[in-house]
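What you see below is based on every heavy atom in this structure, not just the backbone, and it leaves out hydrogens, waters and symmetry mates.
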Amino acid sequence: MDKEFNLVAAIRIILKWKTPLLVLTLASGIIAGLFSVFVMDEYYLSWSTFYPTNQYLSDRSMIFNTESSGGQVEYFGGKSDINRVLTIANSETVINFIIDSFNLTDHYKVSRNNKFYKTIVRKQFEKNYKALKTEREAIEISIYDTDPKLAAAMVNVIIEKVDELNMRHVLETKEKLYQVLSAQIEQQREKVNDYVTTLATLATEFDIKVSSAAGSTVLVEGKNFRAVQEYKAMLEKQENAMKEFNNRSNIKEQMEVAMQSISSSLFIVEKAFPADRRDKPVRSLVVLITMLVTAFVSTIGVFLIEQFKELKAQL
């Protein structure tokens, strides 16, 4: 009975105060609508979706098939590639680069006289910036901004920067290996030249003759047996050194092709473009929520007023 009585009393109170409640709710809706139109900034959303590629595809062993992979090689990267790209996209390096490149301090109208203006700008940017993995294992980078063209430009520049940083480690490693290999080739070249010089000296000093027999057999003839044997040993070393020199030279040429074949570590599915309509605020939603909150708070308020009157009458 108490619940029924309280419900009836509540309905009576609402009906008693219905006009003020209705006026206050409608007024709050009108004010919220005007506020959303003339005060709240309009934000436009730009985004881009892409997949990290498998950078092993640009490796020398993959291009020239010098090693067996033992299975099918995927074109797109795996979880480790996705996590690495996401880490780069959310890194301080990328965020600070965008803030500086697009002068976001002035764009966000943050005073440089403020001691903590860099932190304020960074938080404002991070509030409007997202880099996350989608349900289909892709990566989506999105930015909200009051300028649709600027939002699209920032997203595309972020992707370029992420691509650059993602490839940098691989390229630097390959370049270091390339420099080491080039130095080894020069050393091998000098070694071959030394053998050639030594062989020429022995041939002249001991009148050694070299000829080819059937089956690509090399005949070494001379009057000094010890010199002939030394010449044969030196000739074998020279041939082995030449084979090693040619092998390393081939590897160097393959590495040059592999390094030149790297174009991008990201496969872009959708490039960012300027939005043609705002994404937020949703004015109808702002008005609706404001009216609901106002109606709820106002109703609680009239209940408290009536309760206060009743308590005052009893006293």
Between side-chain atoms of residues 116-125 and protein atoms elsewhere (two or more places apart, or another chain), which donor-acceptor pairs fall under 3.5 Å?
{"from": "R122", "atom 1": "NE", "to": "E126", "atom 2": "OE2", "distance (Å)": "3.0"}
{"from": "R122", "atom 1": "NH2", "to": "E126", "atom 2": "OE2", "distance (Å)": "3.3"}

Check: residues 287-300 side-chain donor-acceptor pairs under 3.5 Å, at least two apart:
{"from": "T290", "atom 1": "OG1", "to": "V286", "atom 2": "O", "distance (Å)": "2.7"}
{"from": "T294", "atom 1": "OG1", "to": "S28", "atom 2": "OG", "distance (Å)": "3.1"}
{"from": "T294", "atom 1": "OG1", "to": "T290", "atom 2": "O", "distance (Å)": "2.7"}
{"from": "S298", "atom 1": "OG", "to": "T294", "atom 2": "O", "distance (Å)": "2.6"}
{"from": "T299", "atom 1": "OG1", "to": "A295", "atom 2": "O", "distance (Å)": "2.7"}

Test side chain to side chain contact (heavy atoms under 4.5 Å, CB included) on I158 and Y129; report intermediate values, then the result.
CA-CA 11 Å; I158 286 173; Y129 171 65; 3.5 Å; yes
Side chain to side chain contact (heavy atoms under 4.5 Å, CB included) for F102 and V157? Distances and angles first, verdict last.
CA-CA 10 Å; F102 290 91; V157 171; 3.7 Å; yes
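In this structure a side-chain-to-backbone donor-acceptor pair under 3.5 Å is missing from T134 to I139. The backbone N or O of I98 sits nowhere less than 3.5 Å from a side-chain atom of S101 that would complete a donor-acceptor pair.
From R168, atom CZ reaches atom CD of E175 across 11.0 Å, with rounding to the nearest 0.5 Å. One distance of note links CG of N224 with CG of L202; it measures 9.5 Å at 0.5 Å rounding. Interatomic distance, E190 CD to F245 CZ, rounded to the nearest 0.5 Å: 11.0 Å.
The side-chain hydrogen bond (donor to acceptor under 3.5 Å, both in side chains) search around E92 returns N96, not counting sequence neighbours. Listed by chain and number, the residues in a side-chain hydrogen bond (donor to acceptor under 3.5 Å, both in side chains) with Y195 amount to none (sequence neighbours excluded). Under the ring pair (Phe, Tyr, Trp, His ring centres under 6.0 Å) criterion, W47 pairs with F273, not counting sequence neighbours. Residues satisfying the salt bridge (Lys or Arg N to Asp or Glu O under 4.0 Å) test with K16, not counting sequence neighbours, are E306. D194 is linked by a side-chain hydrogen bond (donor to acceptor under 3.5 Å, both in side chains) to nothing, counting only residues two or more places apart in sequence or in another chain. Applying the side chain to side chain contact (heavy atoms under 4.5 Å, CB included) test to E221 and every residue at least two apart in sequence or in another chain returns nothing. With sequence neighbours excluded, no residue forms a side-chain hydrogen bond (donor to acceptor under 3.5 Å, both in side chains) with R278.
Here side chain to side chain donor-acceptor pair (under 3.5 Å) pairs that include residues 142-160, with residues two or more places apart or in two chains, are H107-D145, Y144-D279. Applying the side chain to side chain donor-acceptor pair (under 3.5 Å) rule to pairs touching residues 225-246 yields E244-R248, sequence neighbours excluded.
Shown here for P52 and L266, the closest heavy-atom pair between the two residues is CA-CD2, 4.0 Å.
Residues I14, W17, L21, V302, F303, I305 make up the rest of the hydrophobic cluster containing I13, defined by ILVMFWY side-chain heavy atoms closer than 4.5 Å, directly or through other members.
Proximity of S265 to D163: side-chain heavy atoms (C-beta onward) are separated by under 4.5 Å at one or more points. Residues P148 and D276 have side chains not in contact (no heavy-atom distance under 4.5 Å, counting atoms from C-beta outward). Y43 places none of its side-chain heavy atoms less than 4.5 Å from the side chain of L45.
The side chain to side chain contact (heavy atoms under 4.5 Å, CB included) with Y108 is formed by just one residue from the set D106, V110, T105; it is V110.
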